[in-house]
Amino acid sequence: MRTIAFLLSLSVVLVGAPRASAQEPSFKDLLAECLPGIGSENIPDNQAAQQRLQDACYALGATGQEAARADACREILKKLSPDVPRPARLWLLKQVQWIGREECVETLAALIKDKDPLIRDAALRALQSNPTPQANAQLVAALGAASDPDWRTALILALGFRGESASVPALAPLLSAEPAIAAVAAQSLGKIGCEAAAQALSAAYEQARPELRPAIGEAWLCSADRLLKAGQTADAAAVYLRLADAQQPRPVRLAAMKGRLVAAGDQATPLVLEMLASHDADAQAVAGGFVVELRGAGVLPALSAGLPKLPPAAQVMVLAGLAARGDRAAMPLAVTAARASQPEIRTAGILALSRLGDGTVVPLLLEILAANNEATPAARECLERICGEGVDEALIVAMQSSSPAQRKGLIELLEKRQCTAAVPALLADAQTQDKDLRPALLRALGNLAQPKDVPALVALLLKTPRGKDRDDVEKLVMFACSRGEDPQTLDQPVLAIFQPASAEDRLALLPALGRVGGKRALQTVLEAIGSSDANLRDAGVRALCNWPDASVADELLKLAAGAPDKAHQTAALRAYVRVISQTGKEGDTKTLDKFKKAMDMAIRTEDKKYLLSRVSNVRNVKTLRWVVPYLDDPTLATEAGRSVVELAHRRELMEPNHREFTAALQKVLEVSKDAATLEKAKRIMQGL
Amino acid sequence: MIQSGTLSRRGFLTRAATAVAAPIFLRSSVFGADGATPPSQRLTLGFVGVGKMCYSHLCRFADLAEVEVRAVCDVQQTKRQAAVKAVEERYAKRPGATTQGTRLGVYNDFRELLARPDIDAVVIGTPDHWHAIVAIQAAKAGKDVYCEKPMSLTIGEARAMVNAVRRYGRVFQTGSQQRSSREFRFACEMVRSGRIGQLTSINVNVGRTSEDCYLPEEPVPAGVDWDMWLGPAPWRPYNAILCPPPSFTGFPHWRLYRDYSGGGMTDWGAHHFDIAQWGMGMDESGPSEIIPPDGKDVQLLTYRYANGVTVYHGGGGRGVLFHGTEGKIEVSRGYLQTTPASLMQKPIGPNEVHLYNSPGHHADWLRAIRTRQRPICDVEVGCRSVSVCHLGNLAYWLKRPLKWDPAKEQFIGDAEANRWIDRPRRAPWTLA
C-alpha cells in the first residue's frame with residue numbers, strides 16, 4: 001500500500017502527471033539499482049546514480065508523502081553499514097540530512113561515533129538538521145559523553161544551530177568550562193535565547209573572565225533581543241542598559257547601545273541626541289544610523305532643536321538621516337546647514353537638499369556653485385539630482401539670465417538632468433558663435449531634442465549657412481527624429497515640412513532628410529537625384545551619402561559606378577564603404593566581397609585608405625588574409641596595419657588563427673610607421 | 001586521499017602566531033601626510049578574499065585618496081602577493097612620500113585581519129559560502145562591510161547578516177552595483193511611476209542553478225590553504241576548478257557547485273532579480289509562490305507576488321524585461337529600451353517616483369560610512385534579492401511548487417522545504 005502511494009506520488013511530483021505505476025521501481029528497488037553506482041569511486045559512474053536517487057528523495061519530502069518518506073529512510077538506513085562503500089554511505093547520509101526524521105535518529109546517533117571522520121561529520125549534519133526532539137536529545141547525550149574539544153565544539157554548535165530550549169541544561173554548565181568551549185556554549189545559548197538561556201548567561205556574565213565577556217555578553221544580548229521581540233521591553237531594556245557602558249567589550253557595547261535605542265521606541269529621540277553629543281565615535285555611529293528609524297510625532301522638532309549643539313560629525317549624520325527620512329519639512333534645516341561656516345556641515349546640508357529641496361533652493365545652490373569652493377562639488381551633485389517641484393523651471397530661468405561664463409555649466413546641468421523642457425530655451429541660443437558655449441549647446445540639444453522640436457530645428461537649419469554649422473544642425477534634426485515612436489515613420493517630421501517648402505528650402509532640407517533616412521525619404525531623395533536640376537541633384541546625392549544605414553547600399557554603388565559627376569562617384573563610394581561596414585560585425589564574408597569590389601572601384605589613394613580603415617569591422621580571418629598584402633604598399637601600409645591590429649584584438653578571431661596573426665603582426669611591426677599601431681601590435685605580441 | 005578537515009580554535013591561534021608574512025611597510029605620506037587628505041577623514045580598509053572580483057575593488061579603492069588599504073587576506077599565497085603588489089604600486093606613485101612607515105597586513109586567516117582595531121571597514125570577495133561568516137564577524141568587530149554579491153549561500157545566512165548588521169549598527173553595501181547605474185534606476189523609476197501602466201510580469205534573464213560537485217581529487221598546490229578555502233562547507237578534496245592557479249584569469253567555477261554557490265541563479269540573479277525587486281518596490285518582501293517548470297503547463301520557473309505580478313526566470317529580452325498594461329521596459333547594462341519609445345524620452349518628473357540616486361557604488365558606501373546611513377544596496381536589500389534567487393533554486397532542486405511567507409521567511413505547508421532555509425556548517429564555523 002505504501003509502495004503504491006510512493007509510486008503515485010513520485011510520478012506526480014517528478015513529471016507533473018500520473019504515469020503507469022507498473023513502470024516505476026519501488027524506492028527499495030531504485031536504491032538497490034542505484035547503490036553500485038552511488039558507491040563507485042568513478043565519477044562518471046556515480047553521478048547519474050546519485051542524482052537519480054537524490055531526485056527520488058527530494059520528491060519524498062513533499063507534503064503528503066510522510067509514510068513513503070519514512071519507508072524510504074528506513075531503506076536508506078539499512079545501507080549505512082560499514083560494509084557499504086564509503087561514497088555510498090556519504091551520499092545516503094546527505095539524503096537523510098534533508099528528509100530524515102525520527103526513524104533515522106537512532107542510526108545517526110550511532111554513526112556520529114563512527115571512526116571515519118567524514119562519516120561522523122555527515123551523520124552529525126544529518127542529526128543536526130533532523131527536526132525531531134529525539135535528535136536533539138541524542139546530540140545532548142553525545143555532548144555529555146564527548147571529551148575531544150573539537151568534537152565537543154561541533155556538538156555545541158549543532159545544538160545552537162537547532163536552537164531548542166531543551167539544550168539549555170546541557171549547555172549552561174559549559175559557561176564555566178575552558179574558554180574555547182565556554183565561548184561556543186555562550187554562542188549557542190544566545191541562539192537559543194529562551195528565558196532559561198538568558199538567566200544562565202546573565203549569571204555567567206557577572207563572574208566571567210575578561211576574555212569570555214565578549215562571547216557571553218553578546219549571547220546575553222541575543223537573548224535580550226528575543227525578549228524585546230516577545231514584548232518584554234522592560235526586561236530587555238534592563239539588559240541593554242547594563243551592557244551599554246564604556247567598560248564593556250566593544251561588540252557587546254555596540255549591540256547594547258543599539259538595543260537601548262530600539263527598546264526606547266517612540267521615546268528614542270532624546271537618547272539619540274545624547275549619544276550623538278557624547279564625542280564617543282561608537283555611540284555617535286550607532287545613534288547616527290538610528291535617525292532614519294526614529295518614530296513619533298516630535299522627532300523633527302527635537303532634532304531641529306538639538307542639531308546646532310552637536311559636534312560637526314554628528315550634525316552630518318543627522319542631516320543625512322533627515323534626508324534619508326525624506327520628510328520635506330526638514331528642508332529649512334538643510335538650508336541652514338547649507339549656509340553654515342563649517343565645510344562638512346555645509347556639504348551635508350547641500351547633499352540633504354538633493355532629497356529634501358525644491359525649486360526655491362536653486363538660487364542658493366547656484367550661488368554655492370559659482371563660489372567655486374570646497375562645497376561646489378556637492379552643489380553640482382545636488383543640482384544634478386534634486387527632484388522637487390519647480391527645479392527645472394528655476395534652472396531654465398537661471399540659464400536664460402546667466403552670464404556667458406555661467407551659461408555653459410547650466411546647459412550641461414540641464415542636459416544631465418535630461419531636461420527636455422529646456423529645448424526651446426536652448427534653441428534661442430543655438431546660433432551663438434561662442435567657441436566654449438556652442439559645443440555644449442549642440443551636445444545638449446542633441447541629447448534632449450524630441451520629434452516635436454523638429455519644426456524649430458528646421459527653422460534654425462534654414463537660417464544657418466551651409467558648411468560645418470549647418471552639418472551640426474542637420475545632426476540635431478536627425479537626433480530629434482530618431483526619438484520618434486514608430487521606426488517606420490521617423491522621417492515624417494521632416495517630410496511634413498519638406499513637402500510644402502520652397503525649392504530653395506528643399507535644397508537645404510534634403511541632406512538633413514538623408515541623415516534621418518526612411519522609405520518615404522528615400523523616394524524623395526531618389527527623385528532629386530534623377531532631377532535635371534543640378535543643384536537639386538547635388539543635394540540629393542549629399543542626402544543619399546548621409547544615409548544612416550545600409551538600406552541604400554545598392555543605390556550608392558550605382559552612383560559610385562556611374563554618376564556623371566566624378567565628385568558624386570567619390571562621395572558615393574565612401575558612403576557605400578561606411579554603410580556596408582555597419583553590417584560586417586558578424587564576420588559576414590559577403591560584406592568582405594563588397595569591400596573587395598569597392599577597392600576595385602577606388603582610384604584615389606585616400607579612398608583606398610578609408611576603405612582599409614573600415615574593413616576591420618568585418619571580423620573574419622579572410623579579412624586578415626585580404627588586408628595583409630596591402631602592408632607591402634607603402635602608401636597603404638599604415639591603414640592596413642591598423643586593421644590588422646584591430647582584428648587581432650578580437651580574441652575569438654585570433655586564437656584559432658594564431659599563426660597567421662603572429663605573422664601579420666610581425667609584418668606590421670616591420671612596416672608600420674604609426675606609433676600607436678606599433679605599440680598595440682607589440683602589446684598583442686607580448687600577450688601571445 | 002580523503003581526510004578530515006575540521007579546524008580547531010587552538011589551530012586558529014597557532015595559525016595566528018605563524019602569520020603568513022611579515023607586514024609590508026608603506027610610507028605614511030601616501031595617506032595624506034602631504035596634506036591631501038587629512039588622516040581623520042581617511043577610512044582604513046581590509047580586503048578578505050582578493051580573487052578576481054575583489055582584486056578589482058582593491059585597485060579602485062587603493063586609488064582613492066580618502067581611503068587607506070591596511071590589510072589583505074586570502075587563502076592563496078599567489079593572490080595575497082598580487083594584492084600586495086597592486087597596493088604597493090599604487091601607493092608608490094603617490095607624491096610627497098616620506099620615510100615614516102605604516103603597515104599593510106597580509107593574512108591567511110580573516111580573523112586576524114578583523115582583530116585589528118585600526119581597520120574601519122572590510123571588503124569581502126570570498127566565494128559565496130564564506131560571505132555570511134566573514135560579514136557577521138566583521139560587523140561584530142565593529143567594521144563596516146562591502147560584501148560581494150550574491151550576499152549569501154542560504155536564506156538563513158542572509159537574514160543572520162541583516163540581524164548582525166542592524167545589531168552592531170554597521171553600514172553594509174551589497175555588491176549588486178547595477179542599482180548605482182542610471183539605466184537601471186531610470187527603468188525602475190519609470191515602472192514605479194506607472195509609465196507602463198500596471199506592472200503585470202517581469203522576465204529576468206540569468207543563468208541556471210548550481211549542482212552537486214563531481215570534480216576529481218587533485219593534489220593541493222603549495223601556497224593554498226585548502227581547509228580554509230572550504231571553511232564551513234562539507235569537506236571534499238581539492239580540485240583546481242574550484243580554486244584555480246594564478247594562470248587562470250577568468251572567474252573561477254566554484255559558483256557552479258551547490259556547496260559553495262547558487263550558480264548563475266544567484267551570481268547574475270543577485271543583479272537582475274535585484275532590479276526586478278527594485279522595480280516592484282519589494283525591497284522588504286518577496287514572492288508568495290515559486291513554481292518550477294514541469295515541461296508542460298509551466299515552461300519557466302515562475303514567481304508569484306502578492307501584488308499580482310508574475311516574475312519568470314528567463315523567457316526573453318535582455319537583462320530584465322518589465323511588462324505593464326500599457327508598455328514594456330527592457331534594461332540591461334548600458335541598454336534601455338521602452339515600448340512605446342517615448343516613455344524614456346521624458347525625465348522623471350517631480351511628482352513621479354524618485355529612487356535612491358547613488359553617486360557610484362563604492363562612493364555611496366564610503367559616504368554612508370561617514371553619514372551612518374543605509375547605502376543603496378543595504379543589507380536588507382541584499383538579503384531579499386538573494387532570497388529570491390535561493391527560492392528559485394530550491395524550487396528547481398525540489399521540483400515542486402513552494403508557497404512562501406515573505407514576512408516570516410518560512411515556507412508554508414512544506415516542513416522539509418523549510419529545512420533548506422539554512423544548512424549545517426562544518427565546525428568550528430558558525431554564524432554567531
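- For B:R374, the part lying under 4.5 angstrom from a heavy atom of chain A is the side chain only.
- Residue with the most contacts toward chain A among B:A341, B:P117, B:P401, B:A415: B:A341 (heavy-atom pairs, distance under 4.5 Å).
- Looking only at atom types and distance, the side chain of A:E485 has a donor-acceptor partner in the side chain of B:S342 under 3.5 Å away.
- Proximity to chain B involves both the backbone and the side chain of A:Q51, based on heavy atoms less than 4.5 angstrom apart.
- Listed here is the closest heavy atom pair of B:P375 and B:A368: CB-CB, 4.0 Å.
- Contact between B:L343 and B:R195 at its shortest, heavy atoms only, is O-NH1, 2.7 Å.
- Between chain A and the residues B:R419, B:R372, B:E416, the largest count of heavy-atom pairs under 4.5 Å involves B:R419.
- Using a 4.5 Å cut-off between heavy atoms, A:D486 does not touch chain B at all.
- In terms of heavy-atom pairs under 4.5 Å with chain B, the best-connected choice from A:R417, A:Q284, A:R101 is A:R101.
- For the set A:L351, A:I386, A:L448, A:D116, the entry with the most heavy-atom pairs within less than 4.5 Å of chain B is A:L351.
- For A:E344, no part lies under 4.5 angstrom from a heavy atom of chain B.
- For B:D294 and B:K296, the salt-bridge test fails: no basic side-chain N is under 4.0 Å from an acidic carboxylate O.
- Both the backbone and the side chain of A:E389 come within contact range of chain B, judged by heavy atoms closer than 4.5 Å.
- In terms of heavy-atom pairs under 4.5 Å with chain B, the best-connected choice from A:M317, A:Q128, A:R385 is A:R385.
- A salt bridge is defined here as a Lys NZ or Arg NE, NH1 or NH2 lying under 4.0 Å from an Asp or Glu carboxylate O, and B:K143 with B:D120 fails to meet this definition.
- Ranked by heavy-atom pairs shorter than 4.5 Å toward chain A, the options B:G413, B:G169, B:P234, B:A139 are led by B:P234.
- A side-chain N or O of B:T209 and one of B:W397 form a donor-acceptor pair less than 3.5 Å apart.
- Counting heavy-atom pairs under 4.5 Å between each of B:E211, B:R182, B:K140 and chain A puts B:K140 at the top.
- In plain terms, the two heavy atoms of A:L261 and A:V286 that are nearest each other are CD1-CG1, 3.9 Å.
- Of the atoms belonging to B:Q345, heavy atoms from both backbone and side chain fall under 4.5 Å from chain A.
- Heavy atoms closer than 4.5 Å to chain B are found in both the backbone and the side chain of A:A285.
- For the residue pair A:N42 / A:S40, no side-chain donor-acceptor distance below 3.5 Å is found, with atom types taken as modelled.
- Annotation: side chain of A:E41 is not in contact with side chain of B:E217 (no heavy-atom distance under 4.5 Å).
- Within the 4.5 angstrom heavy-atom criterion, no atom of B:D297 approaches chain A.
- The parts of B:P359 that come within reach of chain A are both its backbone and its side chain, each placing non-hydrogen atoms under 4.5 angstrom from that chain.
- A pairwise comparison of heavy atoms in B:S193 and B:E352 identifies OG-CB, 3.3 Å as the closest pair.
- With a 4.5 angstrom heavy-atom cutoff, B:R166 touches chain A via backbone and side-chain atoms both.
- A donor-acceptor pair shorter than 3.5 Å cannot be found between the side chains of B:Y214 and B:N239.
- Options B:N418, B:D414, B:I348, B:D212 differ in how many heavy-atom pairs under 4.5 Å they form with chain A, and the most are formed by B:D212.
- Between the side chains of B:D118 and B:T44, no donor N or O sits under 3.5 Å from an acceptor N or O.
- Looking at A:R483, both its backbone and its side chain come within 4.5 Å of chain B, counting heavy atoms on both sides.
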